[in-house]
Structure formats: C-alpha cells, structure tokens
Amino acid sequence: MKSKYHTLRLILGDQLNAQHSWFKTKDDKTLYVLAELHQEAQYVLHHIQKISAFFCAMEQFASGLKKAGYQVLHLNLDDTQEFATLPDLINSLVSQYKIQRFEYQLADEYRLREQINHIVNQFNIENQAYETEHFYLNQADCEQDFKKGKRHRMEAFYRKMRKRFNILMHGDEPVGGQWNYDGENRNKLKAADFSHVPKPLVFNNDVRDILTRIKRHKIPTIGVETPDLLWPVNRQQANELLDYFCEHGLSHFGQFQDAMTSQLDKSEPEHAHEKRQWSLYHSRLSFALNAKMISPVKVVSQALAHYQKNKDTISLAQIEGFVRQILGWREFIRGIYWANMPEYAQLNALSATRDLPSWFWTGNTHMNCLKQAITQSLDYAYAHHIQRLMITGNFSLLAGINPDQVDQWYLGIYIDAIEWVEMPNTRGMSQFADGGIVGSKAYAASGNYVKKMSDYCSDCRYKVTEQTGHHACPLNALYWRFMDEHHQTFTTNPRNKMVYSNWLKKPSDQRDAILQHANASLINIEQL
C-alpha cells in the first residue's frame with residue numbers, strides 16, 4: 001500500500017517558529033511531527049511549569065498548523081510511551097508511514113543534534129537539515145566567529161554585532177558616543193520606587209489535562225504546579241508580552257535590571273499572578289524566545305521602534321541595556337556553546353566537588369537572599385539574570401559546588417533553560433568552571449554586593465556587616481576563603497589586584513578566623 005506522505009518534517013519543542021521557510025508553501029505529502037517524549041520530560045529533573053509550558057506550546061503550534069491546512073501529527077505522552085528515545089520514535093514513524101524523505105531543523109542542544117545525526121546516518125532515505133532561521137547568526141557564522149577553547153570576550157563581540165546589523169549605530173560609531181551603558185544599569189530599588197513598578201502581564205492557559213497526563217506517566221518534577229499557566233504559549237501571547245514590556249517595562253529596564261527586592265510584595269495581594277517583585281521591569285520573554293515563538297530580530301526591532309517614538313521617557317541607557325542582552329549576550333552564549341561542545345560539559349577548572357545543599361530544592365535556608373531567589377524560582381520557574389548569577393550562582397561558586405550539579409539544577413528549574421543557553425551561563429560565567437572562556441574573572445562577591453543591589457539583607461537572620469561570629473553573613477567568610485584558595489588562579493588578574501591587597505592587609509589572626517568561620521559554614525552547609 002502506497003503511503004499518502006512522502007516527507008516527514010520533525011519539529012522539536014523549542015522550534016515553534018511559524019515564520020520558518022518550511023511554512024511558505026503547503027504540500028499534502030509532507031507530514032509535520034511534534035511529539036511529547038518521556039526522554040525530553042526526564043533527561044533532567046524539570047520544573048512542572050517548564051514541562052507543562054513546552055507541552056502546551058507544542059499543542060498550540062500543532063493546532064495552528066492544522067488550522068492553516070498543513071498535515072500534522074501531534075503525539076502526546078500516551079502516544080509515545082513505548083519509545084525510549086527520539087530515534088526510536090522517528091524510525092517507527094518512517095516505517096509506519098513509508099516515508100521517503102526526512103527533514104529536520106538543526107537542534108540547539110548537543111545531545112539532540114547527536115541523536116538526530118545518529119538517525120540520519122542509519123537511514124537509507126533522503127534527508128536534509130535546515131537552519132532554524134531564528135538567531136541573528138546562522139551556524140556557519142558561529143563557526144567563523146567562535147573557536148574552540150579560545151577566550152572570547154562579549155564586549156568585542158557585541159560591538160561587532162552592532163556594526164554588522166547596524167543597530168544603535170551612527171555610521172561606524174555607536175549612537176550617543178558610547179557602546180555600553182552598563183554603569184547606569186545598577187540601580188537599587190528603593191521604597192519610593194515601588195509604586196511605579198508595573199504589575200506583570202500574565203496569561204491564564206489551562207494546562208489541567210497536561211498536568212494530569214504528566215502525573216499519569218509518573219514524570220518526576222519540582223516546583224509549584226499551576227493549572228492556569230501564566231507563561232505565553234503561542235506567538236500571539238508572546239507578541240502581547242513584548243508590547244506590554246515596551247509600554248511598561250522598557251523605560252526603566254536598564255536602570256533596574258540588576259535590582260532585587262523582597263519588600264515590594266509585603267502589602268500586595270496573595271494571588272501569585274498579581275505580585276510584582278518577581279517580575280519588576282524585566283520582559284520575561286526568554287521562554288518565548290528560546291522556544292522560538294518570537295524572534296530576537298522582532299523583539300529588538302520593536303523595542304528600538306518604541307524607543308525612537310518615546311525618547312522623552314526612555315533614555316538610551318534603557319534600550320542599550322536591553323539590546324545588549326539579546327543581540328549581544330544571547331548570541332554570544334550560543335556561539336560559545338557550539339564552539340566548545342561536548343568537552344565544555346566536562347570542564348571544572350576550579351576542581352569544585354561539593355554537593356548542592358538540599359535546600360536548593362526547597363528554599364529552606366536562613367540566608368534570605370538564597371531563600372528569596374530559590375523560592376521565587378520554585379514558584380515561577382523564573383529568576384532574573386542577577387538572581388541567577390549573583391545569588392544562587394555566587395553561593396555555588398563560593399561553596400565549591402560541583403558544576404555538574406549546578407548545571408542540572410539550573411537546567412531543570414528555569415522555564416527558559418535549554419542547554420545551549422544554560423550551560424555557558426552557569427558552568428562558564430557563573431562558576432568559572434571553563435577557566436575563563438566566557439568571562440575574564442570569577443563573579444565572586446561577598447554579602448556587600450547583595451546589600452548594594454537588594455533589600456534582602458534587612459530581613460535576614462545574618463548580619464551582612466560581620467565576617468565572623470554566630471550572626472555573620474556566610475557569604476563574607478566564604479568569599480575570602482574562595483579568593484584565598486584560588487589565589488594562584490586569580491592573583492594575576494588586574495581586576496583582582498585590590499582584592500588581594502585588601503586581604504593581605506588584614507592581620508594574620510583575623511585572616512585565620514575568617515577562614516575557620518568559612519570552613520565551619522561549609523561543614524554545616526545544610527543548616528545555613
């Protein structure tokens with residue numbers, strides 16, 4: 001019996017790009033396949049909102065394609081439970097539908113690209129790979145711009161990207177005469193600023209059937225379950241969120257992008273969807289971007305257009321800070337990932353081996369900064385970049401947590417975490433496990449940084465001004481222990497010269513007391 005289909009096109013859960021050239025024409029002999037897989041739900045311990053968001057977004061995308069007249073096969077966990085891996089499923093579908101040609105978009109995770117390569121190497125049918133047509137840089141650009149093991153620097157890359165795509169440029173010079181306004185992006189939120197913080201735009205996507213299915217298949221998860229998912233799950237919602245950010249967040253994004261607070265919601269409504277301190281001025285577009293429901297070009301272009309029309313209320317520092325995150329950092333991190341995998345996943349330059357404390361899974365710690373960042377992550381599957389880098393990441397760095405465990409935690413708990421974007425940020429920038437491929441220094445900080453950028457310290461049982469003693473902030477002694485332990489690695493870095501000078505100025509008995517306190521904190525890490 002002759003099959004009605006000639007070609008099978010695979011769409012992964014993070015390839016929901018309705019603008020892809022695949023969809024410029026319709027062909028009834030082409031079958032598009034989207035599939036929920038046990039493999040994808042369980043390769044790491046995921047947040048329940050992350051799994052339900054991806055499954056819901058895939059369902060919406062499949063439904064949209066069907067309504068537009070494409071031939072679509074959308075398989076849920078019930079349909080795919082007999083298939084242990086993606087290759088098993090594809091091989092079965094090729095046989096079942098007598099497929100003669102297999103087409104796919106390049107996977108953005110190394111493990112999936114390897115699996116698909118394994119599939120096509122076994123096939124005796126035609127196959128073709130396509131770009132995802134999502135990023136500013138295609139695969140060839142990445143290979144040209146990034147070299148394995150080389151210490152690339154984001155600022156140089158960012159400037160090249162600004163020139164290449166003529167964004168915020170005046171000829172060959174940056175608009176305003178300055179490339180980077182990071183120095184103006186480090187404001188702390190004060191009580192007087194609270195009334196101006198916008199409520200987040202949240203959605204009400206019914207995922208009860210998906211949650212039931214996840215439970216029925218005994219998929220282990222972490223985090224708070226929400227039957228009315230607040231995250232965007234289709235292109236329309238992603239565009240609504242972008243519009244909302246441009247209108248309500250962009251004017252103060254740069255100014256407060258590093259700020260953190262636990263005081264803003266103290267008098268707020270109990271309903272989680274109406275709280276503001278978890279969202280602040282951030283766009284929260286990362287899930288929609290990383291699932292490719294919306295493109296970085298669209299996001300940057302619309303934000304730039306809004307800035308041009310509203311220069312009286314939006315300064316250059318605000319838009320530049322936002323552009324830098326997407327045009328600069330996001331593309332940079334992807335280039336680092338593909339230039340250095342798979343060896344990158346094994347790097348541990350600081351020989352960190354300690355286990356992640358169990359309270360990373362509960363938020364039950366006396367350190368208020370960690371409690372706030374972890375609890376928010378469990379509640380929303382989200383934390384902004386400074387909470388990730390300078391709160392949970394900084395503690396893990398100072399405590400010498402095994403980067404494998406740090407990677408697994410970040411990859412599982414955050415809704416936007418796909419390995420290409422998660423791993424260089426955590427193993428690289430946050431943990432310095434790559435030895436400086438991503439960043440020129442370790443992002444280590446004492447409690448003073450937390451005090452500078454947040455109001456977390458005011459409600460903490462520990463005293464941020466103390467380095468030793470029962471009430472001393474653990475971050476202070478851990479910071480000096482970390483810098484002392486790794487002095488051979490960091491002492492030659494000009495950015496650390498003053499740090500070591502200040503350390504050596506301390507009397508030897510004071511240094512000993514600090515190190516003893518740090519070691520005691522690590523012995524009692526579960527009770528911090």
Side-chain angles (χ1 to χ4, degrees), residues 1 3-5 7-16 18 30-99 102-105 107 109 111-112 115-116 118-119 203-234 237 287 291-293 381 411-412 415 417-418:
M1 178 179 171
S3 171
K4 64 181 289 190
Y5 301 116
T7 301
L8 186 154
R9 282 179 167 174
L10 175 67
I11 301 175
L12 299 174
D14 65 341
Q15 295 177 342
L16 310 181
T30 296
L31 178 65
Y32 292 89
V33 174
L34 295 94
E36 299 174 2
L37 287 169
H38 281 256
Q39 165 192 299
E40 293 306 289
Q42 297 188 83
Y43 70 89
V44 71
L45 183 61
H46 289 295
H47 198 295
I48 184 63
Q49 291 180 44
K50 180 181 182 182
I51 300 179
S52 57
F54 270 102
F55 283 3
C56 186
M58 292 164 67
E59 190 177 277
Q60 297 256 330
F61 194 75
S63 177
L65 288 181
K66 287 178 183 177
K67 288 178 182 176
Y70 297 92
Q71 302 299 307
V72 181
L73 181 64
H74 176 237
L75 304 172
N76 64 31
L77 289 175
D78 297 335
D79 305 314
T80 65
Q81 59 186 325
E82 65 183 277
F83 302 107
T85 67
L86 176 63
D88 292 339
L89 172 64
I90 298 302
N91 283 324
S92 175
L93 293 176
V94 167
S95 174
Q96 178 183 348
Y97 291 99
K98 297 180 173 58
I99 296 297
F102 174 64
E103 298 184 349
Y104 59 98
Q105 296 173 33
E109 285 197 333
R111 64 183 181 85
L112 283 171
Q115 277 195 331
I116 294 173
H118 179 70
I119 297 171
F203 301 94
N204 190 14
N205 295 302
D206 186 351
V207 293
R208 285 173 294 182
D209 288 347
I210 291 173
L211 294 174
T212 299
R213 189 158 67 247
I214 291 169
K215 289 176 183 174
R216 187 167 66 248
H217 285 269
K218 297 181 171 55
I219 305 294
T221 62
I222 55 173
V224 174
E225 178 182 298
T226 53
D228 49 347
L229 188 74
L230 63 86
W231 293 96
V233 294
N234 55 47
Q237 290 181 349
F287 169 65
K292 302 183 181 65
M293 290 181 278
L411 187 58
I415 195 165
I418 301 172

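Summarising the geometry, atom CZ belonging to F61 is positioned 11.0 Å from atom CG belonging to N234; distances are rounded to the nearest 0.5 Å. Note that OG1 of T7 is 7.0 Å distant from CD1 of I99, once rounded to the nearest 0.5 Å. Between atom CD of residue E59 and atom CG of residue N76 there is a gap of 8.0 Å, rounded to the nearest 0.5 Å. We find the OG1-NE2 distance between T85 and H118 to be 8.0 Å, quoted to the nearest 0.5 Å. Taking CG of L86 as the reference point, atom CD of E40 lies at 7.0 Å (rounded to 0.5 Å).
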Check step by step if side chain to side chain contact (heavy atoms under 4.5 Å, CB included) holds for Y43 and L411. CA-CA 10 Å; Y43 70 89; L411 187 58; 3.7 Å; yes
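Nearest heavy-atom pair, F54 versus I415, reported as atom, atom and distance to 0.1 Å: CE1-O, 3.7 Å. The shortest heavy-atom contact between R213 and E36 is NH2-OE2, 2.7 Å. The nearest pair of heavy atoms linking I116 to A107 is CD1-CB, 4.4 Å. Here the closest non-hydrogen pair linking A62 and H74 is CB-CB, 3.7 Å. Heavy-atom minimum distance, L77 versus L37: CD2-C, 3.7 Å. Nearest heavy-atom pair, L211 versus S52, reported as atom, atom and distance to 0.1 Å: CD2-CB, 4.2 Å.
A 4.5 Å side-chain heavy-atom check between L93 and L73 finds at least one atom pair inside the cut-off. With contacts defined as side-chain heavy-atom distances shorter than 4.5 Å, the pair V233/V207 does not qualify. The shortest distance between side-chain heavy atoms of V224 and I48 does not fall below 4.5 Å. Looking at L8 and Y97, their side chains never come closer than 4.5 Å, going by heavy atoms from C-beta outward. Looking at D14 and K292, their side chains come closer than 4.5 Å, going by heavy atoms from C-beta outward. Proximity of F287 to M293: side-chain heavy atoms (C-beta onward) are separated by under 4.5 Å at one or more points.
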Atom pairs and distances, side-chain donor-acceptor, residues 63-70, under 3.5 Å, sequence neighbours left out:
{"unit_1": "Y70", "atom_1": "OH", "unit_2": "F23", "atom_2": "O", "d": "2.5"}

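Enclosure of atom CZ in R208 is not indicated, since only 12 or fewer non-hydrogen atoms of other residues, nucleotides or ligands lie within 6.0 angstrom. Heavy-atom contacts from other residues, nucleotides or ligands closer than 6.0 Å to CG of D209 number 12 or fewer.
The side-chain contact (heavy atoms from CB on, under 4.5 Å) with I119 is formed by just one residue from the set I90, D88, L10; it is I90.
With hydrogens and angles disregarded, a donor-acceptor distance shorter than 3.5 Å links the side chain of Q15 to the backbone of Q105.
The aromatic rings of F102 and Y104 sit parallel, their planes meeting at an angle under 30°, below the 60° perpendicular limit.
Side-chain atoms of N205 and Q60 include no donor-acceptor pair closer than 3.5 Å. Residues Q39 and Q115 bring a donor and an acceptor atom of their side chains to less than 3.5 Å of each other.
Pairs of residues two or more places apart, or lying in two chains, that qualify as ring-ring contact (aromatic ring centres under 6.0 Å, His included) and include a residue from residues 205-224 are H38-H217.
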